[in-house]
Number of protein chains: 2
Amino acid sequence: MSAAEKKPDIFNERLNTLGFRFTPQRRRVYEVLLGKRDHPTADEVFVRAKKQMPEISHATVYNCLDALVECGLVRQVQLDRGATRFCPNMREHCHFYCDDCDTVFDVGLPVKAQDGVALPKGFRAKRFEIAIHGVCADCAKKD
Amino acid sequence: MSAAEKKPDIFNERLNTLGFRFTPQRRRVYEVLLGKRDHPTADEVFVRAKKQMPEISHATVYNCLDALVECGLVRQVQLDRGATRFCPNMREHCHFYCDDCDTVFDVGLPVKAQDGVALPKGFRAKRFEIAIHGVCADCAKKD
DNA sequence: TCAAGATTTAGAATAATTCTAAAGGGTGGC
DNA sequence: GCCACCCTTTAGAATTATTCTAAATCTTGA
């Protein structure tokens, strides 16, 4: 085990509290997401993870992503008909998707998301996902 | 042409203004969505459309759904890793997804969605999609 | 040290969506 | 009304995304 893997950190703690095991694959997948915050798809994570861990398999990447989502280290982002994307920014924010260049931007949320919504009686909300579709500044200039 | 198809209505108008042609397939797909507002997937729409139009093909349903989305008669809803769902309710609202029973509910939005969000300079928003994940009243009772 | 259970692996299987090429159909110009 | 053009539909193949399977490996606690 490397020094980084030995000392308990948020990564390790979160996995443990929910009964998940620490594994090098899960750490690698998490590092990939932290390394380039461009909201990659599972397949893009797979390609990046493979560079430093050539034996890692496709199914493992899905498994790891699911585990990270379940223990609250990563968010799943559903933006269009294409593949699901993943995001390690757990602060409250929403996603801006540029329909022109397919880029995803994190956008802050000054107001608490749930304030605008009146749920029917008895409904319990666990999480809010806000997606904004439009054109980013660069693409708007080009038009 | 049936009487219903002859007289111009919102369906016909919307298609025409964007250069789409009126077709019986497109009408049928729209009727399916209006008929049972349970946020079906493309495949579910296909199955329902087939009942009254057995020759309709899978690709046509995708084509029709895309056309209806483009001319603003239908919304696409992305909720989880599964298939895209479709919704003919164009009033401002958001979607509540029950993680237990996989049902989708339309929820009103008293506050304008964009009020809570500060977009970076130059960004132009076209539409907001708000998804709430949680447990519906019925499932909450069962727990 | 061992057993139990979690995790990884490769590859097959399934699901969702898009593509392709040929046929059909409507519309405007003549 | 006829023709050419272009949009649309069709069946089925192809592609993409995700899940499943069974065997091997690893971790942990008794």
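Chain naming here is simple, since letters A, B, ... match the order of the sequence lines and numbering starts at 1 in each.
- The CZ-P distance, from F46(B) to dA15(C), rounds to 15 Å in whole Å.
- Heavy-atom distances under 4.0 Å link DNA chain D to H58(A), A59(A), Y62(A) of residues 48-82 of chain A, given in residue order.
- The separation between R28(B) atom CZ and dT9(D) atom C1' is 17 Å, rounded to whole Å.
- Computed from coordinates, the R27(B) CZ to dT8(D) P distance equals 16 Å when rounded to whole Å.
- T84(B) comes within contact range of the sugar-phosphate backbone alone, with a heavy-atom separation under 4.0 Å but no base atom that close.
- Comment: D106(B) does not engage R75(B) in a salt bridge, judged by the lack of any side-chain N to carboxylate O separation of less than 4.0 angstrom.
- Which of dT17(C), dT8(D), dT18(D) sits closest to the side chain of A83(B) comes down to dT17(C).
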- Task: Could you encode protein contacts along nucleotides 22-30 of chain D as a string, one character per nucleotide from 5' to 3', using B for base contact, S for sugar-phosphate-only contact and - for no contact, with a heavy-atom cut-off of under 4.0 Å?
- Result: -----B---

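- The shortest side-chain heavy-atom distance between D80(A) and Q76(B) does not fall under the 4.5 Å cut-off.
- Ring pair H58(A)/Y62(A) is tilted by interplanar angle, where 30° to 60° counts as tilted.
- Contact of the M53(B) side chain with the E31(B) side chain is not registered, since no non-hydrogen atoms from C-beta on lie closer than 4.5 Å.
- E129(A) places no side-chain N or O within 3.5 Å of a backbone atom of A131(B) that could act as its donor or acceptor partner.
- Using a distance-only test at 3.5 Å, with no hydrogens or angles considered, a donor-acceptor pair links the side chain of R26(B) to the main chain of R21(B).
- Evaluation of the side chain to side chain donor-acceptor pair (under 3.5 Å) rule for D66(A) yields R81(B) as partners, not counting sequence neighbours.
- Note: CZ (R85(A)) to P (dA17(D)) measures 10 Å, nearest angstrom.
- In this structure, D43(B) places its CG atom 15 Å from C1' of dT18(C), rounding to the nearest Å.
- Under the 4.5 Å side-chain heavy-atom criterion for grouping Ile, Leu, Val, Met, Phe, Trp and Tyr, I56(A) is connected to F86(A) within one hydrophobic cluster.
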